[in-house]
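The sequence lines fix the lettering, A, B, ..., with proteins before strands; numbering per chain opens at 1. We use all heavy atoms of the structure for the numbers below, so side chains are in, but hydrogens, waters and symmetry mates are not.
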2 protein chains.
Amino acid sequence: MTARTPDSARDIPEATVARLPVYLRALTSFAEEGTTTCSSEELAVSAGVNSAKLRKDLSYLGSYGTRGVGYDVEYLRYQIAREIGVTHDWPVVIVGIGNLGHALANYSGFRSRGFRVVALLDADPTRKDEVVAGLDVRSFEDIESIVAEHAVSIGVIATPAIAAQAVADRMVANGITSILNFAPTVLSVPDGVGVRKVDLSIELQILAYHEQRKSIAPASEDAS
Amino acid sequence: MTARTPDSARDIPEATVARLPVYLRALTSFAEEGTTTCSSEELAVSAGVNSAKLRKDLSYLGSYGTRGVGYDVEYLRYQIAREIGVTHDWPVVIVGIGNLGHALANYSGFRSRGFRVVALLDADPTRKDEVVAGLDVRSFEDIESIVAEHAVSIGVIATPAIAAQAVADRMVANGITSILNFAPTVLSVPDGVGVRKVDLSIELQILAYHEQRKSIAPASEDAS
DNA sequence: AGGAGTTTGTGAACGGGAGAACAAAACGAG
DNA sequence: CTCGTTTTGTTCTCCCGTTCACAAACTCCT
């Protein structure tokens with residue numbers, strides 16, 4: 001007899017949290033196709049996971065399905081969006097407007113999935129004249145006023161590795177509590193600050209490892 | 001010579017494989033500073049992991065340390081590189097030369113970490129005149145000859161989501177067996193083909209979830 | 001040479017996540 | 001109204017990964 005945790009489920013496993021955005025995207029896809037209802041099996045296939053896993057994941061949010069019927073696409077989509085916290089947009093600053101920073105600033109997926117880039121910052125003064133994705137690149141020194149003005153809590157680091165830690169420190173000092181790091185460095189931040197890293201060469205190296213194994217032992221099985 | 005299994009360790013856990021590149025980078029960093037020896041504790045701090053975990057990870061490769069002393073930086077660096085398979089360069093093709101494709105093509109970290117971009121492909125014929133990062137953008141139709149000529153086994157997808165599955169199919173049909181996918185889609189590929197995905201908005205959404213939680217229950221602890 | 005001090009490598013306990021399997025609940029047919 | 005069908009929500013078990021703790025092994029100093 002559980003004491004019913006209807007809205008704010010207490011603790012959702014990290015692995016589940018990482019999959020919720022995938023479900024959200026699949027549901028959005030269904031909605032765009034005009035599908036109003038889907039079973040856990042359909043949604044699981046679309047998200048590329050096991051249906052039992054999907055049902056267990058959703059059960060952490062509450063009982064939003066109907067037995068014998070399935071899930072209401074729009075309703076479930078909203079519930080997941082609310083749980084993740086993307087029913088409203090999050091302001092985001094991007095620091096480091098090099099090749100990658102450009103790409104991120106122009107990435108339309110951010111805007112459509114709950115994020116709004118409010119500022120582009122770069123330490124290089126020669127970049128201050130540029131306008132990227134409709135925003136003019138501003139000095140990194142402006143971070144304090146920008147974070148304060150827009151109540152920014154999420155920062156993206158797209159600088160060279162050498163500058164990343166200093167940028168992170170400065171972000172934290174100005175109240176940013178979540179950082180997405182594209183620089184190939186291990187960041188150290190205080191407790192309570194969330195960091196996720198995206199490392200392009202690490203991903204390729206993992207692929208290379210498995211690739212090498214395939215050619216050495218072709219008769220063995222494979223772990224994707 | 002091969003009494004035990006010193007060279008080709010049988011099966012390295014996936015979680016360990018994902019950390020080896022981090023250790024490799026930390027060791028490279030040590031080598032550049034002139035450090036010739038390091039303890040598991042030093043390396044663990046530099047890689048941002050627990051030292052016991054690091055030692056266990058390294059133990060899957062063999063016993064390359066010396067008790068009471070530590071690890072020889074250069075020797076261990078080479079052993080990890082050999083295990084991952086980046087002692088020689090891997091040829092890579094990038095498909096989709098939009099904003100992100102540009103950034104990837106220009107990313108110097110690939111070259112320095114065991115990968116060589118041999119071709120840039122795009123389905124849009126208006127892009128065929130462009131030269132990016134010293135390579136001219138070629139038609140996606142050329143994939144067959146390029147893959148055959150350079151013995152490419154790793155492909156990078158940086159196309160819009162709508163095109164990603166078709167590109168992946170075509171890659172697989174031409175012998176590519178490892179795919180790094182930046183498009184926000186779930187790819188389905190045959191067994192034996194490795195796929196890793198990098199999804200920018202998912203990473204941000206995970207951060208947003210934790211961020212939302214912080215503001216709701218500030219007295220609770222945090223999972224990074 | 002021997003003992004003290006380090007540091008690695010690993011055995012064992014622990015916790016979390018994945019998947020199978022099943023009971024509970026809703027719908028529809030007759 | 002009752003029964004069969006469908007699909008969810010949940011329990012149970014197994015496996016992988018993390019962490020602790022300690023013995024083995026090496027160096028240095030006396």
Side-chain angles (χ1 to χ4, degrees), chain A residues 1-6 9-20 22-23 27 30 35-73 75-76 79-80 83 206 221-224, chain B residues 4-6 9-20 22-23 26-27 30 35-73 75-76 79-80 83 206 221-224:
Chain A
M1 53 182 286
T2 50
R4 198 179 57 192
T5 58
R10 287 293 165 248
D11 51 339
I12 295 183
E14 194 56 32
T16 296
V17 171
R19 282 188 294 267
L20 289 180
V22 181
Y23 305 152
L27 287 167
F30 281 158
T35 309
T36 59
T37 292
C38 71
S39 69
S40 66
E41 182 63 29
E42 291 169 305
L43 186 53
V45 168
S46 184
V49 302
N50 184 299
S51 70
K53 195 193 298 185
L54 177 125
R55 287 199 299 278
K56 185 183 283 194
D57 283 344
L58 295 184
S59 75
Y60 289 115
L61 315 190
S63 291
Y64 295 135
T66 308
R67 298 178 191 220
V69 177
Y71 300 92
D72 181 281
V73 169
Y75 181 58
L76 182 59
Q79 293 300 335
I80 293 179
E83 189 66 41
I206 294 170
E221 90 272 47
D222 157 73
S224 81
Chain B
R4 291 171 297 157
T5 58
R10 289 289 166 253
D11 52 339
I12 297 183
E14 193 57 32
T16 296
V17 171
R19 282 188 293 266
L20 289 180
V22 181
Y23 304 153
L27 286 167
F30 280 158
T35 310
T36 60
T37 291
C38 70
S39 67
S40 65
E41 182 62 29
E42 291 169 306
L43 186 53
V45 168
S46 185
V49 301
N50 185 299
S51 70
K53 193 192 298 188
L54 177 122
R55 288 199 300 276
K56 179 157 282 201
D57 283 343
L58 295 184
S59 75
Y60 290 115
L61 315 190
S63 290
Y64 295 134
T66 307
R67 297 177 191 221
V69 178
Y71 299 93
D72 182 281
V73 169
Y75 181 57
L76 182 59
Q79 294 300 336
I80 294 179
E83 189 67 41
I206 295 171
E221 91 274 45
D222 157 72
S224 88

Inset, instruction - Please check the phosphate of D:dC16 (OP1 and OP2 only) for any side-chain N or O of B:Y60 closer than 4.0 Å. - result: no
Legend entry - First of B:C38 and A:R19 reached from the 5' end of DNA chain C, by closest nucleotide: B:C38
Inset, instruction - Please report, rounded to the nearest Å, how far the P atom of D:dT7 is from the CD atom of A:E42. - result: 8 Å
Legend entry - B:K53 NZ to D:dC16 P, straight-line distance once rounded to whole Å: 17 Å
Legend entry - A:E41 CD to C:dG19 C1', straight-line distance once rounded to whole Å: 13 Å
Inset, instruction - Under the side chain to side chain donor-acceptor pair (under 3.5 Å) rule, collect the residues that match up with B:S46, sequence neighbours excluded. - result: none
Inset, instruction - Taking the side chain as every heavy atom from C-beta outward, state whether B:E83 and B:V17 have any atom pair closer than 4.5 Å. - result: no
Inset, instruction - Take atom CG of A:L54 and atom C1' of C:dA18, then tell me their distance rounded to the nearest Å. - result: 13 Å
Inset, instruction - Could you tell me if the ring centre of B:Y64 sits under 6.0 Å from that of B:Y71? - result: no
Inset, instruction - Describe, as an angle rounded to 10 degrees, how the axis at the first end of the helix from C:dA1-D:dT30 to C:dG30-D:dC1 is tilted relative to the axis at the last end, five pairs per end. - result: 0°
Legend entry - Phosphate OP1/OP2 of D:dT7 contacted by A:Y64 side-chain N/O (<4.0 Å): no
Inset, instruction - Figure out the CG/P separation between A:D57 and C:dG16, and round it to whole Å. - result: 16 Å
Inset, instruction - Please answer whether the main-chain N or O of A:E42 pairs with a side-chain N or O of A:S39 as donor and acceptor at a distance below 3.5 Å. - result: yes
Legend entry - Least distance between heavy atoms, B:I80 atom then B:L58 atom: CD1-CD2, 4.0 Å
Inset, instruction - Figure out the CG/C1' separation between A:D11 and C:dG16, and round it to whole Å. - result: 12 Å
Legend entry - Euclidean distance, atom CD of residue A:E14 to atom P of C:dG16 [Å, nearest integer]: 12 Å
Legend entry - Under 3.5 Å side-chain donor-acceptor pair for B:D57 and B:T16: yes
Inset, instruction - Determine whether B:T36 and B:V73 make a side-chain contact, defined as any pair of heavy atoms from C-beta on separated by less than 4.5 Å. - result: no
Hey, can you pull the donor-acceptor pairs under 3.5 Å for the side chains in residues 47-55 of chain A, sequence neighbours left out?
residue : atom : partner : partner atom : Å
A:N50   : OD1  : A:A52   : N            : 2.6
A:S51   : OG   : A:E41   : OE1          : 3.2
A:R55   : NH1  : A:S40   : OG           : 3.0

Inset, instruction - Please tell me if the side chains of A:T37 and A:F30 come closer than 4.5 Å, counting only heavy atoms from C-beta onward. - result: no
Inset, instruction - Starting at the 5' end of nucleotides 20-30 of chain C, put B wherever the base has a protein heavy atom under 4.0 Å, S where only the sugar-phosphate does, and a dash everywhere else. - result: SB--BBSS---
